[in-house]
A.B. asks: 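Got a structure for you, questions after.
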Amino acid sequence: MSFAACKGKSKSTKCKIKTAPRSCGGRFCTPTFHFCFLTMPEETERKTLDQRQQMTELERIRHSAAHVLATAILRIWPDAQFAAGPPVENGFYYDVELSHRITPEDFAQIEAEMKKEIKANHTFERQTVTRNEALELGTKGRLGALSERATPSKFKLDIIEGIPEHETISLFQNGDFLDLCAGPHVMRTGNIGAFKLTHVASAYYKGDERNPQLQRIYGTAFKNKTEMEAYFTMLEEAKKRDHRKLGRELELFIFDEDVGPGLPLWLPNGTVLIEELEKLAKETEFAAGYQRVRTPHLARENMYLTSGHLPYYAESMFPPMILRQEGPLHPLLDKQLKELDHEATELAKLVLTKEKLGAIAEQARITGDNPSTVIAAELETIKAVDVAQMIRDIAMRRLASSMLQGALLDEPEHYYLKAMNCPHHHKLFGAVQRSYRDLPLRLAEYGTCYRYEQSGELFGLMRVRSMQMNDAHIYCTEEQFEAEFNAVNEMYLKYFATFGIDKYLMRFSTHDPSKLGQKFVDQPELWKKTEEMVRNVLKKSGINYVEVPNEAAFYGPKIDVQVWSAIGREFTIATNQVDFAVPARFGLTYKTKENTEATPLCIHRAPLGTHERFIGFLIEHYAGNFPLWLAPEQVRVLPIGDEEPLINYSKEIVAELRAQGVRVESDFSSDHIKAKIASAEQKKVHTMLVIGNRDLEANNVSLRVHGKGNLGAKPRNEVIADLLQAIKERRA
RNA sequence: GCCAACGUAGCUCAGCUGGUAGAGCAGCUGAUUCGUAAUCAGCAGGUCACGGGUUCGAAUCCCGUCGUUGGCUCCA
C-alpha cells in the first residue's frame, strides 16, 4: 500500500472528507489514504472555455450569485478589489481585498443588497473584448466594479495576463456591475431562487502564500427556497451526527494533548466497534482465502528506500528515530590527533609560559573548545602572529581529522514508523520460496500506520496521524488477476449491504499513454492489459463506476471508493490498486510451471479503509445508533424496583446473555424506571429489557429497543434467542 | 505548514466597558420503591489551556506557546 504527500500548493481540503474527491492532478489523496504514491505533482491544468461551458444549472446559479455578491459588496464598499468568484461544491465564494474586515455581522447588510440586485432582475449580458480593451477597462478600475475607479482592478489585470493569446476575453455585466468573466451565467439575476452567505475565510490570491491575503466570502445558492432549506436541514443533521460530538458523548474515543494531535485513544466503547469490525473483516477475509500476518510498526530506512517511499514522501512520514553509533576513535586517527596536539603544545611553549598554558587548557576544558584553537587565539592577542598561524593550521588539520573520523564511522541508523504496510508484506512474500502453486497469495493485516499529516489537515477521526488499516496484498499471476480483482469488488458490495450503504461510486483511475515513463511506469502493455481487466470486472459485475483518466498511481490503475452516508454526505473510505511495479523493486519472484522466475502482480486493497475513518463514517451514518451487532452496549436490563426476586431474575438474565457473549449491563440503581430508561436511551443502548413483577411471574421480559420504544412483554427465551440470532447475522 | 476564530467544572454553556467564578446535566451521599425518556434533597467539582506582560487589581487587555475548528485557485 502506498501513500503520497499532498505537497505543493493545493494540498488542502481536497483531501478532506467534506469535499468530494476530484482531480487533484496527481495530488488526489483520499482522507484515509494517500494512494497517489509516486504520482508526481503536476501543475493544475487551465480549464478550457469549452469545459467551462459544461457548468451545471446549479453551478451557473451559484456562479451568478457570486457576481451578485460582488455587486452588493461594492454598493457598501466601493473600493473593494475582486479576484476570483467561482462556484464550489456546496455554493460559491468571491475573493475580495478590502480594508474593512467583513464579519458574519455584515452578512445581513450584504444580503439585503444582494436581494435588491436579484429583485431588479438584471440580465447577465455577455460581451467580448480585445485584450487591449480589457486591459484598459482594468486600468480604469472598471472590472469587478460598478463604475470606473481611481485604482486599477489589479487582480483582474493580473488574470488577463494569464489568459492565453488565442483565447477570447469576455465580460459579463449585471446592472452596473461589470466583471471579467468567462461565464457561463443564468439569464437574469432573478433566476437565483435562494441564497445565503455562510462564512468568511482568508485565502491567498491564487492560493500562493507570497500573494496578498484576501477575504473569501462564502455563500450558497439554490434554484429555490425548498432546496436550500433541505440543504441547511442536512447540515444541521450532520452537526447532530458529528462524529467528534458523538464520540465524546458515547465515550468512544478521545484525543489528548499529552499524547499528541491526531493520535486517537480508543475508550472501551470505541474499542468494541474496532473489535467488531476486525471480527467482520477476519471472517470475511478468511472465507475469501486470505491469510493473516503481523508486522512491526517500524522499519529501517533502507526498506523505504527500496519501496521508493522515502525519496519522494519522507515529509509525510514521522521523522526518523536516529540510533547513534558512537564508537572509539579509529586507531590511526587517534595517533594523528595526539601528534597534532603535541605539535601545537610544543609550538605554544615557545611563546607561552607553562602557567598560561595550564590556564588555557583549563578554560578549554570548561568551554569545550579545541585547545589548539584557544591557544591560537591567545597567541593572536600577544602578537605572536607567525606562531599563531602555525597553530591555526594545526587546528585546521585536527578538524579535518575529526571529520574524517566521522566519515569512517558508520552512519547513524534511521528507523521510520511505517506509513503503509505494503513493504512489510512484500518482505513476507519474499521470505519464503514461492511457486505458482502458492498464488494467489493473500496476506491480510489490520496494520497500524503512522503518517505525519500537517497540523492544519487534522480533522477528528477523519484525518489522523495514527491509523489501523484493513489492509491486504494479493500476489497473483496475470491470469488470476481478473478473478482476484472481481472477488475484491464482491467483498466491497457485501460490506455495503452489511452497513446499509446504498449509494456508492467507484472511481476507476487510468493512465495517460503520453505520460508513460514520466508520471507512469513505462510498461504500456501491462497498463493496457490491467486497465482492460479492471474495466471488464467493473462492467461485468454491474458496479457503479466512473472512469477518471490520467489519475492512476505510478505503478498501476486504481479504484477509489466513495460512499454516501445516510444523510447524503460523501466519504472516500477505501481503495484498490493494481501494482505491477513495486514487487519488482523488491525482487519478488515465484517459480512458474515452466520453471522460470516471474514477478507477481500485486493488488493493494482496503475495503474497510481505516478504523478511524470508517468508524467516523459509521458514527455519522448511524447517528450513533449502531445496529445490535456493533452497539458497544447491546443490552441493558432494567428492573422496576429492587425487590430481591426481581433483582435475582434480572441477574439470571444478565448471566445468561453474558455467557452467550452478549455485551449486557444492568441498572440496579435506586432511580425510578423512567429515569433508568431515559439514561439508557441517552446512551443509545440498543435493547432494553424492562423487568417488573408481571414479567417475573410469566417468565417474560418487556422489550424496548432504542428509538423504537416499548415493544411489549415477550417470553424471555424467545427474546434472548432472537437477540443472539440478530447479532450472529449482523442484522441492520 | 500558512491565515483566522475559539479554549471557563467530566459535558453544554453564562460571566457587561478589568474588581480574585456561576448554572444545568453528569458524579458522590441520603431519602424515594416507581411499569416505559429524567423523584427529591444535600455535597463535592475550576491555577478560567499554558507561559509571560500591562495594571493597585486580569477569565476579561497585550504578546508568545500548545490544542481545537474553519479556510488555504474544481482559476477570469
Side-chain angles (χ1 to χ4, degrees), chain A residues 7 9-14 16 18-25 44-47 49 51-52 55 59 63 82-89 93 95 101 103-104 134 138 143-144 153 155-163 167 169-172 179-183 198-211 213-216 218 244-245 248-249 251 254-258 260-262 315 453-460 638-643 646 670-682 688 690-695 702-704 706 709-713:
Chain A
K7 285 199 264 195
K9 295 187 252 176
S10 105
K11 54 203 166 189
S12 54
T13 49
K14 284 182 174 149
K16 275 200 186 173
K18 285 149 284 175
T19 317
R22 63 182 68 78
S23 163
C24 68
T44 312
E45 274 157 37
R46 200 186 144 77
K47 254 192 184 173
L49 291 177
Q51 283 169 330
R52 292 191 56 106
M55 257 192 213
E59 283 170 333
H63 183 45
F82 288 93
V88 289
E89 194 186 0
Y93 66 79
D95 282 344
R101 181 161 281 285
T103 69
L143 295 179
S153 309
F155 301 115
K156 300 292 175 184
L157 285 172
D158 184 64
I159 290 164
I160 295 169
E161 295 298 326
I163 301 178
E167 231 175 77
I169 298 179
S170 62
L171 308 179
F172 273 86
D179 203 0
L180 175 73
C181 179
T198 52
H199 55 287
V200 213
S202 72
Y204 294 109
Y205 178 56
K206 292 187 172 173
D208 189 332
E209 60 189 325
R210 289 164 300 192
N211 287 338
Q213 202 151 26
L214 307 175
Q215 303 187 54
R216 175 166 294 181
Y218 277 92
R244 294 164 296 183
K245 176 175 167 279
R248 201 169 34 237
E249 285 172 9
E251 296 182 15
I254 55 155
F255 287 93
D256 185 281
E257 274 197 36
D258 287 338
E315 258 174 54
E453 304 288 355
Q454 291 193 80
S455 57
E457 301 281 8
L458 300 174
F459 174 65
L638 310 173
I640 303 170
D642 60 0
E643 294 157 27
L646 213 50
S670 61
D671 283 337
H672 289 190
I673 189 63
K674 282 191 175 205
K676 288 183 184 181
I677 288 169
S679 76
E681 289 280 358
Q682 223 161 39
M688 288 150 274
V690 178
I691 291 162
N693 283 320
R694 292 206 296 269
D695 303 296
S702 287
L703 184 64
R704 183 185 171 99
H706 173 62
N710 184 5
L711 302 181

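Here the structure is a predicted model, which is why all the values come from computation and not from measurement. Numbers restart at 1 for each chain; the letters A, B, ... are given by sequence-line order, proteins then strands.
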A.B. asks: Determine the minimum heavy-atom distance between A:A182 and A:S170, stating which atoms define it.
C.D. replies: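 Shortest heavy-atom contact: CA-OG, 3.5 Å.
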A.B. asks: Any non-hydrogen side-chain atom of A:M688 less than 4.5 Å from a side-chain atom of A:K676?
C.D. replies: no
A.B. asks: Among B:A37, B:C72, B:G35, which nucleotide has an atom closest to any side-chain atom of A:Y218?
C.D. replies: B:C72
A.B. asks: Once you round it to whole Å, what is the distance between P of B:G67 and CD of A:E457?
C.D. replies: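 Interatomic distance, CD of A:E457 to P of B:G67: 15 Å.
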A.B. asks: Please write out the pairs of protein N or O atoms and N or O atoms of nucleotides 30-32 of chain B separated by less than 3.5 Å, giving the distance to one decimal.
C.D. replies:
unit_1	atom_1	unit_2	atom_2	d
B:U32	O2	A:H672	NE2	3.2
B:U32	N3	A:S670	O	3.3
B:U32	O4	A:S670	OG	2.8

A.B. asks: Please work out if A:R244 contacts a base, only the sugar-phosphate, or nothing of the nucleic acid, heavy-atom cut-off 4.0 Å.
C.D. replies: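 Sugar-phosphate contact only - A:R244 comes under 4.0 Å of backbone atoms but never of a base.
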A.B. asks: Take atom OH of A:Y205 and atom P of B:U73, then tell me their distance rounded to the nearest Å.
C.D. replies: 14 Å
A.B. asks: How about A:L171 and A:L143: do any of their side-chain heavy atoms sit closer than 4.5 Å?
C.D. replies: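 Yes, side chains in contact.
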A.B. asks: Give one of base, sugar-phosphate or nothing for A:A182, where a contact means two heavy atoms less than 4.0 Å apart.
C.D. replies: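 Contact class for A:A182: base.
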A.B. asks: Need one value for A:G144: base, sugar-phosphate or nothing, where a base atom within 4.0 Å counts as base even if backbone is also close, heavy atoms only.
C.D. replies: nothing
A.B. asks: Between B:C74, B:G35, B:U68, which one does the side chain of A:P261 approach most closely?
C.D. replies: B:U68
A.B. asks: Considering only heavy atoms from C-beta outward, does the side chain of A:L638 approach that of A:R704 to under 4.5 Å?
C.D. replies: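 Answer no - side chains too far apart.
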A.B. asks: Would you indicate which nucleotide in B:C72, B:G35, B:C66 comes nearest to any side-chain atom of A:E257?
C.D. replies: B:C66
A.B. asks: Using a 90° cut-off around 0 for syn, call B:G45 syn or anti.
C.D. replies: syn
A.B. asks: What is the distance from NZ of A:K156 to C1' of B:U73, rounded to the nearest Å?
C.D. replies: 13 Å
A.B. asks: To the nearest Å, give me how far apart CG (A:L214) and C1' (B:C72) are.
C.D. replies: 11 Å
A.B. asks: Side-chain contact test, heavy atoms from C-beta onward, threshold under 4.5 Å: evaluate it for A:D95 versus A:F155 and give yes or no.
C.D. replies: no
A.B. asks: Looking at B:G70, B:G35, B:A37, which one has an atom nearest to any side-chain atom of A:I677?
C.D. replies: B:A37
A.B. asks: Please classify the nucleic acid contact of A:S679 as base, sugar-phosphate, or nothing, using heavy-atom distances under 4.0 Å.
C.D. replies: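 Result for A:S679 = nothing.
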A.B. asks: Tell whether A:R704 reaches the base of B:A37 with its side chain through a donor-acceptor pair below 3.5 angstrom.
C.D. replies: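 In this structure, the two groups form a donor-acceptor pair.
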A.B. asks: Please write out the pairs of protein N or O atoms and N or O atoms of nucleotides 8-13 of chain B separated by less than 3.5 Å, giving the distance to one decimal.
C.D. replies:
unit_1	atom_1	unit_2	atom_2	d
B:U12	OP1	A:R248	NH2	2.9

A.B. asks: Give A:N693 one of three labels, base, sugar-phosphate or nothing, depending on what nucleic acid heavy atoms sit under 4.0 Å from its own.
C.D. replies: base
A.B. asks: Just how far, in rounded Å, is P of B:A37 from CD of A:E681?
C.D. replies: 8 Å
A.B. asks: Looking only at atom P, what distance separates B:C25 and B:A59, rounded to whole Å?
C.D. replies: 28 Å
A.B. asks: Can you check the A:Y93 OH to B:U73 P distance for me, whole Å?
C.D. replies: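 So the two atoms are 7 Å apart, to the nearest Å.
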A.B. asks: From B:G35, B:A37, B:C72, pick the nucleotide closest to the side chain of A:H706?
C.D. replies: B:A37
A.B. asks: Over how many whole Å does the gap from A:Q454 atom CD to B:C3 atom P extend?
C.D. replies: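 One finds 13 Å between P of B:C3 and CD of A:Q454, rounded.
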A.B. asks: Has the side chain of A:N710 got a donor or acceptor atom sitting under 3.5 Å from an opposite partner on the base of B:G35?
C.D. replies: no
A.B. asks: Of all the base pairs, Watson-Crick or G-U under 3.5 Å, which form stems of three or more consecutive pairs involving RNA chain B?
C.D. replies: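 Listed by first number, the stems are B:1-7 with B:66-72, B:10-13 with B:22-25, B:27-31 with B:39-43, B:49-53 with B:61-65.
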A.B. asks: With C1' as the reference atom in both, quote the distance from B:C61 to B:U73 in angstrom, rounded to an integer.
C.D. replies: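 Those two atoms are separated by 38 Å.
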A.B. asks: Taking the P atom in each of B:U54 and B:A58, what is the distance between them to the nearest angstrom?
C.D. replies: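 Result for the P pair: 11 Å, nearest Å.
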A.B. asks: Rounded to whole Å, how long is the line connecting atom NZ of A:K676 with atom P of B:U39?
C.D. replies: 12 Å
